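Report on the following structure.
Reminder, nothing fancy here: chain letters follow the sequence lines and each chain counts from 1. For clarity, every value in this text was computed on a predicted model and none was experimentally measured.
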Amino acid sequence: MAVRVRAAPSPTGSLHIGGVHTFLFNWLNARHEGGEFRLRIENTDTGREVVEAVEQIQESLRWLGLDWDGPVTFQLDRAERCRIEARRLVEEGKAYEDEGAIRIRMPDEGVTGWEDLVRGRIEYPNEKLEDLVAIRSDGRPTYNFASPVEDWLDGITHVIRGEDHISNTPKQIKILEALGAPMPEYAHLANIFGPDGRKLSKRHGAVGVDEFRAEGYLPDALVNFLALIGWSYDDRTEIMTRDELIERFTLDRVGASPGVFDYVKLADLNGKYLRALPPDKYADALVGYLRERGYEWDEDRVRRTAPLVQEKITRFGEYPIFAGFFFDGMPQPDPALLDPEVLAAAHEALAEVEPFDVSSIEQALRAMADRLELKPRQAFQPVRVAVTGSTVSPGLFESLEVLGRDESLARITAAGKA
RNA sequence: GGCGCAUUCGUCUAGUGGCCUAGGACACCGCCCUCUCACGGCGGCGGCACGGGUUCGAAUCCCGUAUGCGCCUCCA
């Protein structure tokens with residue numbers, strides 16, 4: 001039977017990165033098996049629904065490059081079918097009415113178990129199962145009823161979800177049995193926590209997909225990083241393209257222990273992706289990012305500076321602070337770092353440089369350092385601070401060239417007066 | 001509290017009874033490169049939660065303990 005999986009996010013806000021992880025594993029499994037991947041919105045809890053979130057979720061998935069098959073479905077649209085099935089179960093004596101609600105009978109003895117694709121055999125004592133509400137007294141189906149009913153209706157073969165659903169699984173198995181529906185395979189993924197071991201939340205850093213996007217991460221890097229939490233290909237391979245991920249992903253290599261979301265490692269991986277980009281692609285992506293973030297900086301200059309920062313920044317979000325001095329973002333230089341004598345010499349040297357390009361600038365500045373009997377760093381640092389406003393910057397000679405003679409001299413003069 | 005799940009360097013992980021003197025990556029430390037910062041190169045620090053078994057042999061299997069997490073809602 002062809003594999004068919006689903007992801008079922010709740011439309012309660014921006015797509016959470018933990019949800020993306022689950023989504024990704026479902027997607028990888030489906031694509032690896034040549035199966036289908038469905039997107040279902042679990043909007044049973046109408047009170048918490050955020051309408052814009054439905055569109056936002058899809059936009060986030062498109063950005064991530066994770067596609068789904070068929071139309072997006074909504075749990076609420078199947079409410080009537082759920083009621084019909086519940087009434088059928090009442091007629092069959094498998095459920096009963098209770099203060100306007102419909103409850104499913106759960107057995108009192110024995111165990112309910114399944115072969116979890118990630119964890120192996122899991123068994124639950126039936127005496128722990130309460131008769132669960134399938135239809136609320138207001139007529140809306142509960143999640144625990146609607147979810148298995150929809151899995152059945154959609155012909156879902158593999159339910160891959162977070163481990164917080166483990167204790168729901170025996171209930172849902174019982175519902176499926178009562179319904180006379182075929183049993184899907186279950187795989188429960190480990191949760192992802194913050195660096196402090198607590199549930200990943202806002203105070204750890206970015207948690208919503210749009211936040212990672214805003215900080216300038218590449219979707220490919222994010223996907224690659226997420227794939228590596230709870231799954232690995234072997235003992236050394238980390239960087240993998242989407243196709244490689246799809247080719248290599250199998251559920252039997254998925255681990256059961258919880259993972260910590262390491263922002264530092266994500267940054268490292270993103271940096272590797274950024275550096276591996278061909279220069280023109282890098283510039284395109286950078287320009288696109290800045291435009292999306294609302295910067296109205298000269299595109300040609302952004303493109304010229306792109307190669308100067310490619311080796312140095314780890315995500316596009318660092319560009320404005322690292323390279324903002326090329327535009328309007330130069331911080332006030334620290335006077336303590338400005339050596340008037342050096343600045344005067346640099347001004348003099350640069351005024352005569354012809355042509356005003358990297359190699360001539362370097363030649364002139366090094367000659368100046370020799371004249372002043374200064375080590376390169378002693379001679380260049382004041383100039384760097386004067387021109388970029390910071391002790392940390394892209395290459396000095398390259399930066400001067402991009403700035404041009406007039407702008408460079410003006411900044412050196414301004415700093416000399418300070 | 002009950003039930004369930006989990007437990008290899010700080011973090012992500014490799015490991016499915018001998019290949020393990022436990023491998024890789026991130027982080028950290030040192031050195032090299034160097035105009036700053038990065039990148040890159042080289043080296044280092046650092047782990048099988050604990051206790052019992054089983055076995056000729058256990059990180060790997062079993063039991064117990066501890067710890068963490070999840071669920072126990074007419075939330076999802």
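The gap from the P atom of B:rG47 to that of B:rC3 amounts to 36 Å, rounded to the nearest Å. Taking the C1' atom of each, B:rC9 and B:rU65 are spaced 24 Å apart, rounded to whole Å. A distance of about 15 Å separates the P atoms of B:rA6 and B:rA14, rounded to the whole Å. Nucleotides B:rU60 and B:rG18, compared at atom C1', are 11 Å apart to the nearest Å. Here, B:rU34 and B:rU16 have their P atoms 45 Å apart, quoted to the whole Å. Nucleotides B:rU54 and B:rC63, compared at atom P, are 15 Å apart to the nearest Å. For the C1' atoms, the distance from B:rC5 to B:rA22 is 26 Å, rounded to whole Å. Using atom P as the reference point in both B:rU8 and B:rU13, the two lie 9 Å apart (nearest Å).
Ion pairing between a basic and an acidic side chain is recognised when a charged N comes within 4.0 Å of a carboxylate O; A:R6 and A:E150 show no such pairing. A salt bridge links A:R31 to A:D69: one of the charged nitrogens lies within less than 4.0 Å of a carboxylate oxygen.
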Counting primed atoms plus P, OP1 and OP2 as sugar-phosphate and everything else as base, spell out the protein contacts along nucleotides 43-50 of chain B at 4.0 Å heavy-atom distance: B, S or - for each nucleotide, 5' to 3'.
--------

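Of the candidate nucleotides B:rA27, B:rC74, B:rC37, B:rC74 has the atom nearest to the side chain of A:S137. Listed nucleotides B:rC75, B:rC3, B:rU36 differ in distance to A:R136; the shortest reach to its side chain belongs to B:rC75. Set against B:rC35, B:rC71, B:rC3, the side chain of A:K128 has B:rC3 as its closest nucleotide. Side chain of A:K272, nearest nucleotide from B:rC3, B:rA76, B:rA25: B:rA25.
The two atoms that bring A:L176 and A:P184 nearest to each other are CD2-CD, 3.8 Å, heavy atoms only. In terms of heavy-atom proximity, A:C82 sits nearest to A:F145 at O-CE2, 3.2 Å.
Ring-centre distance between A:F316 and A:F322: not below the 6.0 Å cut-off. A centroid separation of less than 6.0 Å is found between the aromatic rings of A:F249 and A:W231. Note: A:F261 and A:Y263 meet the aromatic proximity criterion, with ring centroids under 6.0 Å apart. A:H21 has its ring centre no less than 6.0 Å from the ring centre of A:F225.
Looking at heavy-atom distances under 4.0 Å, A:E123 makes contact with sugar-phosphate atoms alone, never a base. Nucleic acid contact class of A:N168 (heavy atoms, under 4.0 Å, all strands): base. Across all strands shown, A:L396 has heavy atoms under 4.0 Å from base atoms, whether or not it also approaches the sugar-phosphate. A:R119 comes within 4.0 angstrom of sugar-phosphate atoms only, judged by non-hydrogen atoms across all strands, and of no base. Looking at heavy-atom distances under 4.0 Å, A:N191 makes no contact with the nucleic acid at all. Using a 4.0 Å heavy-atom cutoff across all strands shown, A:G162 reaches no nucleic acid atom at all. Within 4.0 Å of A:H165, counting heavy atoms only, lies at least one base atom of the nucleic acid.
Both the sub-6.0 Å distance and the 45° axial angle are not jointly satisfied by A:R304 relative to the ring of A:W297. Under a cutoff of 6.0 Å and an axis angle of 45°, A:R248 and A:Y233 form a cation-pi pair.
Scanning residues 208-239 of chain A for heavy-atom distances under 4.0 Å to RNA chain B yields A:L228, A:I229, A:G230, A:S232, A:D234, A:D235, A:R236, A:E238. Near RNA chain B, defined here as any heavy-atom distance below 4.0 Å, the residues from residues 244-263 of chain A are A:R253, A:A256, A:S257, A:P258, A:G259, A:V260, A:D262, listed numerically. Near RNA chain B, meaning a heavy atom under 4.0 Å away, the residues from residues 100-116 of chain A are A:A101, A:R103. For RNA chain B, the residues of residues 310-318 of chain A within the heavy-atom distance limit of 4.0 Å (strictly under) are A:E311, A:K312, sorted by number.
Inter-residue side-chain proximity for A:K94 and A:R105 is flagged as unmet; no heavy-atom pair is nearer than 4.5 Å.
The base-pairing partner of B:rC56, taking Watson-Crick or G-U wobble contacts with both distances under 3.5 Å, is B:rG18.
A search for side-chain hydrogen bond (donor to acceptor under 3.5 Å, both in side chains) contacts involving A:E59 returns A:R213, not counting sequence neighbours.
In terms of polar N and O atoms assigned as donor or acceptor, the side chain of A:K265 comes within less than 3.5 Å of the base of B:rA25 in a complementary pairing. A donor and an acceptor atom never sit less than 3.5 Å apart when one is taken from the side chain of A:T142 and the other from the base of B:rC74.
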